[in-house]
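What you see is a predicted model; the values in this text were computed from it and never measured.
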Amino acid sequence: MPGTADEQSVSVRVMVNDRAHQLDVDAGEVLLGTLRDRLGLTGPKEACGEGECGACTVLVDGGPVASCILAAGSTNGRVVRTVEGLAGTDELTTLQQAFVRHAAVQCGYCTPGVLMVLTALLDDVPEPTETDVRRALAGNICRCTGYQQIVEAALEAAGTVQS
Amino acid sequence: MSVLGTSPDRSDADAKLRGQAIFGADLARTGMLWAALARSPVAAGRIRAIDPAPALRVDGVLEVLTSADVPDWRTGVIVSDTPLLAADYVAYEGEPVAVVVAESRAAAEAGSRAVAFDIEATEPVSTPEQALAPGARLVHPDWNRFAVAGGADIGRDGNVVAEVVHDPGDLDEAFAAADVVVEGTYRTPRQYQAHLEPKMALATYESGRYTIEVSHQYPFRLRDRVAQITGVAPSAVRVVGHHIGGGFGAKLDVSLEAFAALLARRFRRPVRMQHTALEERLVAPCRSNAIVAVRSAVRRDGTILATEVEIVSDSGAYANNGPALSSIPMFVFGSIYRVGTARIRTRNVYTNTAPTGAYRGVNGPWLVFANERHMDAIADALGRDRRDFRLASLARDGDLMRNGQRLEEVSILREAFDRVEGVASWRDAVARSSQSAEAVTDVLRGAGQAAAIWLTNPMPGHATVKLNEDGTATVITSATENGSGAVATGLRQIAAEALGLAANDVMVTMPDTDATGYDAGSQGSRTTHVVGRAIADAAADVRSQVLDRASQMLEAAPEDLVIADGVVTVAGVPAANLTLGAVAQAATWSDGPIAAGASYVTPTPAHDPMCATGMLITGWPTPTYHLHQAEVSVDTVTGRVTVDRYVVCQEVGRAIHPDAVAGQIQGGVAQGLGFALCERVDLDHGRYVQRTFKAHGLPLAEDVPKVEMIVMEHADPAGPYGAKGAAEPPIVPVAAAIANAVSDAIGVPMDTLPITPEAVLEALEAEPNGEAVARAAREPVLNRDGEQRRETTGRAS
């Protein structure tokens, strides 16, 4: 029941992909679980569960966060964006389109997290160097691609943003 | 215009980029239960008692099942040695002992942790050496009662799961005639697939049949294995495939699915299971650890007279596919390099460790590591340039491999050496390494090469191609898209090419064993070649049906019709045309809908069936050729290896989708670099040391250089438009090329993987004058006159 949180739960008001949610989350609940199990947003992926692989990455107030280790209760008043909120129902973003062109998606399980990290990077650093891109990806494991096509997609997207 | 050799968008890219693609681990069903396994905490021991009571007290837990509650027969792909739940004894840490069913995932996992075991731990058989030691405890005391598929004699004996022996019997003479005998022992650890999506299963039981929804590389094997375990006919199991979040071989066999199936039947509710992060690591079917001892008899002119190879690989606690993989040394040693005669013995042994299995390239990366480290050792012993020695030793077209199979186009490899030289001069690379060795510097540079021949998996496939009434086409197949793009682009392009369509006008189904013909899954680069061939054949049939119908409609002979860009036109009469949609519509309502199916399995190449005992893989079909060249810098202060340049020359038959081929090469090299330099999978008394994801040390974006690629095309007449396999082999030569380059740089043979900074520093410490040693090692063992016969022994690091 909204607003009837007991000791085991925490009431949070959180904006997710431009929609406000009032949620009672369990004390031990992580944001990834809230997004996937309560809000049906399965774009952020469950993988290592230790905040090491990056597949669960979402943006919290614009910054990339491993949602598998972030307490859902700590998101009160925060703005969360998941991969579903990048393009919404519109055309793919410039970055996403670059991923298509560069064949930067293989199995696709790391892709949602990688996109969030690179989206944040391009917001912060509009003209990143290759080193900037590779460094930004330090928390994202991609076992399929060997990263090259991802890096090239990010650099092309940055160039497109500039032009 | 041909769609081959272009790189159209993947059919799954949009959904994957939007987070819309539903992977196995995203699946849920209304009313589903969750189950979780309670696993052995010890590597070996006798089960005295299992107490489910603490688990049953967990809120939401419905039932705890132990071995007495499930089928008690042992099963397996080759050797039926694996119980569903351990009954009397446990043979590895992580072996399933009980299964807990609950109303929620949290309850199931809490329940699985609460099951109380009384296990009398015994000292595990931790290593292959221990397993083979005289008087070693048997991992399975009743090994002799396990059935082998087809009753095959695979040389089982106690802890030896399988033994493959090739012994032409003429080695002693060759060794007696040698000027030099070069020896080396090459040791490699396990490698963890590290696919990001955990293994999972969702099972239902309705009307006497199981349905398994899963992300799996080989749905038909899964169907057969679930049937084998649950004791039903394969037709009573339906497997439906979903997007796969990486597999790399780890998702080729059954894991959780049979448990979920039995529980779905017991509770008449959908049952969902999924590995926890720790379970993923504890029971992943890693690439086997191995020890390869190689000894070669060499003449002073560089002729290798004979090679003797002794291999021990670790099967872990159960056989899995180890017996089949034990044939592969037959295609690595004495294949691309002439070795006169060879004796090759491979033993795959039981230990009290998690069972090993298939990982991209299976045992190729460590066999090629041994073979190519050994080639460098011989070249150094003879004082020969390592590239020149390889070229001089290269097999020639018409030579036979150890199984008697003729190498039809090994000359491609000679071309590969030329092509690599064209972009990255070996002489220059070697000159750089010598220069830096002479300069006073903390950075040593080195270069290395490694070559390989690899197969395209021949196993069967089937596809149906139907022409839709709007002129598009659908390919119906259970080929699995593991990420490579073989299904999401390659198969669609092959159908499009045959039917004169754009790639985007071809749809392809997800796997469903009820709906499609047999398919042997995404393994060994087989999808583009085998399923692609079936599609090409089916599409040719569809095309002739189109031409028949259109020839009636256009009143022209079929041979005068051209199909392009979705339109059938009478040649030379552009106005006389029909869209494929119009033809399909007309056909559907007259002769009937246009569709055709075709099957393909690659024939086994001609070979000598008596070449070895215990061989389960007898031929090396649709071979492809590979040359890798690495240049590295080694920081002698930190021990860190930096890959300065990495060049791959790979022969693929025909590159259907060049960007996807590039992605496979870059990704394969990245995994190979991990195996060579940084990834860790260590065992301590049978238990894995690495308990967190991070501890495995997987390569990150900053660790992997851009790979330079040369893609060679030598069309295979049997392949679809000439295509062979491309995805698996880029991982195979990497560790060898890197180890050769690092050994060259520091002047110490690096014959053990991984070559971590600690290993480099240790090697340099053991050889304080590493650079001097390097040059000394390159001094020939023989003087120019070669009168003295001396022996040299490759030193293990």
Go through [options] and name the one with the most non-hydrogen pairs under 4.5 angstrom from chain A.
options                               : answer
B:Ala670, B:Ala13, B:Pro198, B:Gly668 : B:Pro198
B:Pro699, B:Gly667, B:Ala701          : B:Ala701
B:Gln193, B:Lys706, B:His657          : B:Lys706
B:Leu17, B:Asp14, B:Leu700            : B:Leu17

For [X] and [Y], indicate whether the former's side chain and the latter's backbone hold a donor-acceptor pair under 3.5 Å.
X        : Y        : answer
B:Thr480 : B:Ser522 : yes
A:Thr34  : A:Val30  : yes
B:Arg29  : B:Leu202 : no

[X], part contacting chain A, at a heavy-atom distance under 4.5 Å:
X        : value
B:Glu481 : neither
B:Leu196 : both
B:Arg10  : side chain
B:Asp659 : both
B:Ile665 : neither
B:Thr692 : both
B:Ala194 : both

Parallel, tilted or perpendicular, as decided by the 30° and 60° cut-offs, for the rings of [Y] and [X]:
X        : Y        : result
A:Tyr109 : B:Phe23  : perpendicular
B:His628 : B:Tyr646 : perpendicular
B:Phe248 : B:Tyr359 : tilted

Under 4.5 Å heavy-atom distance to chain B, tell me which part of [X] shows up: side chain, backbone, both or neither.
X        : value
A:Gln149 : side chain
A:Ile141 : both
A:Val151 : neither
A:Thr145 : backbone
A:Gln97  : neither

[X] and [Y] ion-paired at < 4.0 Å:
X        : Y        : answer
B:Glu702 : A:Arg135 : yes
A:Asp26  : A:Arg38  : yes
B:Lys199 : B:Glu279 : no

Using a cut-off of under 4.5 Å for heavy-atom pairs, which of A:Glu50, A:Glu152, A:Glu84 has the most such pairs with chain B?
->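 Top count of heavy-atom pairs under 4.5 Å with chain B: A:Glu50.
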
A:Asn140, A:Leu137, A:Leu92, A:Leu95: which one forms the most heavy-atom pairs within less than 4.5 Å of chain B?
->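 That would be A:Leu92.
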
Just one of B:Val669, B:Leu677, B:Asp703 clears the side-chain contact (heavy atoms from CB on, under 4.5 Å) bar with B:Val643, so which one?
->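 Of all the options given, the one that passes is B:Leu677.
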
Can a cation-pi geometry be assigned to B:Arg287 and B:Phe675, taking NZ or CZ under 6.0 Å from the six-membered ring centre and within 45° of the ring axis?
->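 B:Arg287 over B:Phe675 ring: yes.
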
